[in-house]
Q: 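The structure under discussion is supplied below as C-alpha cells; questions concerning it will follow.
Each chain gets a letter, A, B and so on, in the order its sequence line appears, and its residues count up from 1. Every value quoted in this text rests on a predicted model; they were computed, and no experiment measured them.
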Number of protein chains: 2
Amino acid sequence: MTKRLAIGDLARETGTKVNTIRFYEEIGLLPEALRTASGRRSYDAADLRRLAFVRHGRQLGFSIPEIRSLLALSDQPDRDCGAAAAIARAHLADIGIRIARLETLRSALTEVATSCEGGRAAECRVIEAIAGTELALQTD
Amino acid sequence: MTKRLAIGDLARETGTKVNTIRFYEEIGLLPEALRTASGRRSYDAADLRRLAFVRHGRQLGFSIPEIRSLLALSDQPDRDCGAAAAIARAHLADIGIRIARLETLRSALTEVATSCEGGRAAECRVIEAIAGTELALQTD
DNA sequence: ATACATCCTCCAGTCACTGGAGGATCAAGC
DNA sequence: GCTTGATCCTCCAGTGACTGGAGGATGTAT
C-alpha cells in the first residue's frame, strides 16, 4: 500500500491552505478525495502532483479556467499540444501588457511622489497630480 | 444657476459606468447626490472633479481606502501633506515589487511557451514546464 | 401617441480564495 | 483511561471593486 496523506500534509507540501484544497475539490480542479473510515480526506502521490501542477500554474498567473484546460490536456496525452502552447503564448502577451502598463504607472507615480515639498495639503502636488492625471491606459 | 449633470453625463465625462458611480456613493466616496423632483441624481462641476479624482487615483492603482485618505486630505487643506506623499511612496514601492515579480514570471513563461514543438500532449514541454515550475515569488 | 433612452432600486454574480463557527476525531503524554 | 491540543469535518459569510440584470418609472424626440 502506498503512502497516504492527510489534507494538512498536502497543504504543507504544496504551500496551499487547507481550505483552498477543499475549494479546488469543490470546483472540480481536483477529483473528489478518497475518505478514511471517519470521513477524512486521504490523498496519494498522484493527488500531490496534480495539486502541485495547479499551484505552479497559478503562480505563473494562469486563471482557473486556463488551468482546467491545461489539466484536461495533460489528462488526455494523445491530444494536440498546440492548445497548451497557445494558452501559454496568450498569457505571455498579457503579461507584457501588464508590465508595460505598470511601467507607465510607475513613471507617473514617481513624478507624483517626488513633487511634495511637505506643506499644507492645499499646495500638495501629490493631490494635484492625481487630480490632473490622465493616464492613457487601455482597458482591454 | 450652474449647469446640472445627470448620472449618465457624469459617467460619459469620466469614463465611469453608471452603476459604479452609484456604488461610489453607496460606500461614501462621493457624497449623496442631490435629486431632481422625480428622484434622479443631479450633479455639478464639483462632483465631476471629485469623481475624476477618484478615477485617476484608481488608474494609478490606489485602493479605495487609499483614495479615501487622499480625499480626506484634499478636503481639509490645512492638514499636513506629508501623509499624501507617504501614501504615494508606499504605492510606488509596491509597484516596483509587482513589476519585478511579473518580469520573473515573464522569463519563466517565455521558456515555457517556446518549448513546445507541437506534438502529442504526452511530450508537451509546456505542461511539463508548468508541472515542474517552482517560482521563487515572495508572497508579501 | 409612441418609441426609445435613461433613470431608479434591489439583488446576484464575478474571481480566487480566506476565515470562522461549531462540532467530531486523532495522537500523544500522563 | 483521560485529557489536551492539533487536525479534521461542513457550512456559510466576507473580501475588493465593481458588473450586470430584472422590473418598473420617467424623460425626450418625433
Side-chain angles (χ1 to χ4, degrees), chain A residues 4-30 32-43 47 50-51 53-71 91 94 98 101 105 137 139-140, chain B residues 3-30 32-43 47 50-51 53-71 91 94 98 101 105 135 137 139-140:
Chain A
R4 293 257 122 207
L5 302 166
I7 196 170
D9 301 327
L10 212 63
R12 252 186 309 282
E13 297 216 32
T14 60
T16 312
K17 303 224 162 143
V18 166
N19 272 344
T20 302
I21 297 175
R22 290 196 274 248
F23 169 74
Y24 287 158
E25 178 179 325
E26 195 183 309
I27 64 171
L29 268 195
L30 302 179
E32 284 197 27
L34 292 179
R35 302 293 184 123
T36 66
S38 66
R40 297 182 168 208
R41 290 175 180 80
S42 165
Y43 300 94
D47 295 314
R50 192 176 179 95
L51 178 56
F53 184 94
V54 171
R55 292 311 290 175
H56 295 155
R58 293 288 301 130
Q59 285 190 333
L60 285 170
F62 291 99
S63 70
I64 280 177
E66 284 169 335
I67 289 173
R68 224 184 273 278
S69 309
L70 261 5
L71 276 172
H91 201 63
D94 188 58
R98 275 158 64 195
R101 219 173 270 184
L105 212 143
L137 294 177
T139 314
D140 54 315
Chain B
K3 198 169 49 181
R4 292 257 123 208
L5 302 167
I7 195 169
D9 301 326
L10 211 64
R12 251 187 309 283
E13 297 214 33
T14 59
T16 312
K17 304 223 163 145
V18 166
N19 272 344
T20 303
I21 297 176
R22 289 196 275 250
F23 169 73
Y24 286 159
E25 177 179 325
E26 195 182 310
I27 63 172
L29 267 196
L30 301 179
E32 284 198 28
L34 291 180
R35 301 296 183 124
T36 65
S38 67
R40 295 181 170 210
R41 289 174 180 80
S42 167
Y43 299 94
D47 295 315
R50 193 176 179 94
L51 178 56
F53 184 93
V54 170
R55 292 310 290 176
H56 295 156
R58 293 289 300 131
Q59 284 190 332
L60 286 170
F62 291 100
S63 70
I64 281 178
E66 284 170 334
I67 288 174
R68 223 184 273 278
S69 309
L70 260 7
L71 276 172
H91 200 63
D94 188 57
R98 275 158 64 194
R101 218 173 272 186
L105 212 143
L135 274 178
L137 294 179
T139 314
D140 54 311

Q: If the threshold is 4.0 Å, N to carboxylate O, is there a salt bridge linking D9(A) and R12(A)?
A: yes
Q: Tell me, please, which residues at least two apart from R40(A) pass side-chain hydrogen bond (donor to acceptor under 3.5 Å, both in side chains).
A: none
Q: In whole angstroms, how far is the P atom of dT19(D) from the CD atom of E26(B)?
A: 14 Å
Q: dA16(C) C1' sits how many Å from I21(A) CD1, rounded?
A: 15 Å
Q: Quick check: on DNA chain C, is the nucleotide nearest A37(A) upstream (toward 5') of the one nearest F23(A), or the reverse? Name the residue that is more 5'.
A: F23(A)
Q: Kindly say if K17(B) contacts the phosphate of dG20(D), meaning a side-chain N or O under 4.0 Å from OP1 or OP2.
A: yes
Q: Which nucleotides of nucleotides 1-15 of chain C have their base under 4.0 Å from a protein heavy atom (B), which only their sugar-phosphate (S), and which neither (-), written as one string 5' to 3'?
A: -----BSSB------
Q: Working to the nearest 0.5 angstrom, can you tell me the gap between L10(B) CG and R4(B) CZ?
A: 10.5 Å
Q: Give R68(A) one of three labels, base, sugar-phosphate or nothing, depending on what nucleic acid heavy atoms sit under 4.0 Å from its own.
A: nothing
Q: Roughly, in whole Å, what's the span from CG in L5(A) to P in dC26(C)?
A: 17 Å
Q: When you measure from the side-chain N and O atoms of Y24(B) to the phosphate of dC18(D), is any distance below 4.0 Å, counting only OP1 and OP2?
A: yes
Q: Could you walk me through whether R50(A) and L29(A) pass the side chain to side chain contact (heavy atoms under 4.5 Å, CB included) check?
A: CA-CA 9 Å; R50(A) 192 176 179 95; L29(A) 268 195; over 6 Å; no
Q: Do E13(B) and L5(B) touch side chain to side chain, with heavy atoms closer than 4.5 Å?
A: yes
Q: Nearest whole angstrom, please: distance from the P of dG14(D) to the CD1 of I27(B).
A: 17 Å
Q: Are the charged groups of R41(B) and E25(B) less than 4.0 angstrom apart, N to O?
A: yes
